[in-house]
Amino acid sequence: MVIMAEKFDNLEEHLEKFIENIRQLGIIVSDFQPSSQTGLNQKLNFMISGLQDIEKCRQQLHEINVPLEVFEYIDQGRNPQLYTKECLERALARNEQVKGKIDTMTKFKSLLISELSKVFPEDMAKYKAIHGEDAPS
């Protein structure tokens, strides 16, 4: 996990350098003078090498999949960590629903076996023997 964290740190470092270079490039372009052509060319070359560095980092992190919803959160100005929190909350709520259904079905099965045992005692004895069912609780 430490190696993966280092890869993310490396990517973050390259992205920060790239963003800073783009910011500086914007300043040069917004007030362009012929005398600043050399600086502009240098920044453009830095931008190209920065994109190459980011591509190298991307290749190291190719196995990482980010749900599109995370990007939607970011686009909406929301904290992407909220996505994880909300996913966990939805999973817990769904888990409670499923647990309730399982509990209901278990009670129903027990009640059904009990009632069927009253009406069809011999058949239910065979059923219990086959399925290894104990007397319903």
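Bear in mind the structure is a predicted one, so any value in this text is a computation, not a measurement.
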Backbone of Asn41 reached by a side-chain donor or acceptor of Asn45 within 3.5 Å: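 Judged by distance alone, yes, a pair lies under 3.5 Å.
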Donor-acceptor contact below 3.5 Å, side chain Ser114 vs main chain Ser110: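 Not at all, since once roles are kept as given, no pair shorter than 3.5 Å links the two residues.
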Donor on one side chain, acceptor on other, Gln60 and Lys7, under 3.5 Å: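 Not at all, the side chains of Gln60 and Lys7 share no donor-acceptor pair under 3.5 Å.
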Residue pair Lys128, Ile113: steps toward the side chain to side chain contact (heavy atoms under 4.5 Å, CB included) verdict: CA-CA 9 Å; Lys128 289 177 186 178; Ile113 289 174; 3.6 Å; yes
Side chains of Glu55 and Arg58 in contact at under 4.5 Å (non-hydrogen atoms):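 They are in contact (side-chain heavy atoms under 4.5 Å apart), so the answer is yes.
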Side-chain heavy-atom pair Gln37, Phe32 within 4.5 angstrom cut-off: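 Contact flag for Gln37/Phe32 side chains = yes.
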Lys99 with Asp103: basic N within carboxylate O range, under 4.0 Å: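 Looking at Lys99 and Asp103, the cut-off is met.
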N-O pairing of Arg23 and Glu20 below 4.0 Å: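 Salt bridge flag = yes for Glu20 with Arg23.
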Full working for side chain to side chain contact (heavy atoms under 4.5 Å, CB included) between Glu12 and Asp9: CA-CA 5 Å; Glu12 184 177 2; Asp9 290 343; 4.2 Å; yes
Glu122, CD: over 12 other non-hydrogen atoms inside 6.0 angstrom: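 No, not enclosed.
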Heavy-atom neighbours of Phe120 CZ exceed 12 at 6.0 Å: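 Atom CZ in Phe120 is not crowded, with 12 or fewer foreign heavy atoms closer than 6.0 Å.
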Centroid separation His14 to Phe18 less than 6.0 Å: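 Ring centroids of His14 and Phe18 are no less than 6.0 Å from each other.
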Lys118: salt bridge (charged side-chain N to carboxylate O under 4.0 Å, His left out) partners, not counting sequence neighbours: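 For Lys118, the residues satisfying salt bridge (charged side-chain N to carboxylate O under 4.0 Å, His left out) (neighbours in sequence not counted) are Glu115.
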Under 3.5 Å donor-acceptor pairs involving side-chain atoms of residues 66-80, not counting sequence neighbours:
from: Tyr73; atom 1: OH; to: Glu86; atom 2: OE1; distance (Å): 2.1
from: Gln76; atom 1: OE1; to: Arg78; atom 2: NH1; distance (Å): 3.4
from: Arg78; atom 1: NH2; to: Glu86; atom 2: OE2; distance (Å): 3.0
from: Asn79; atom 1: OD1; to: Gln81; atom 2: N; distance (Å): 2.8

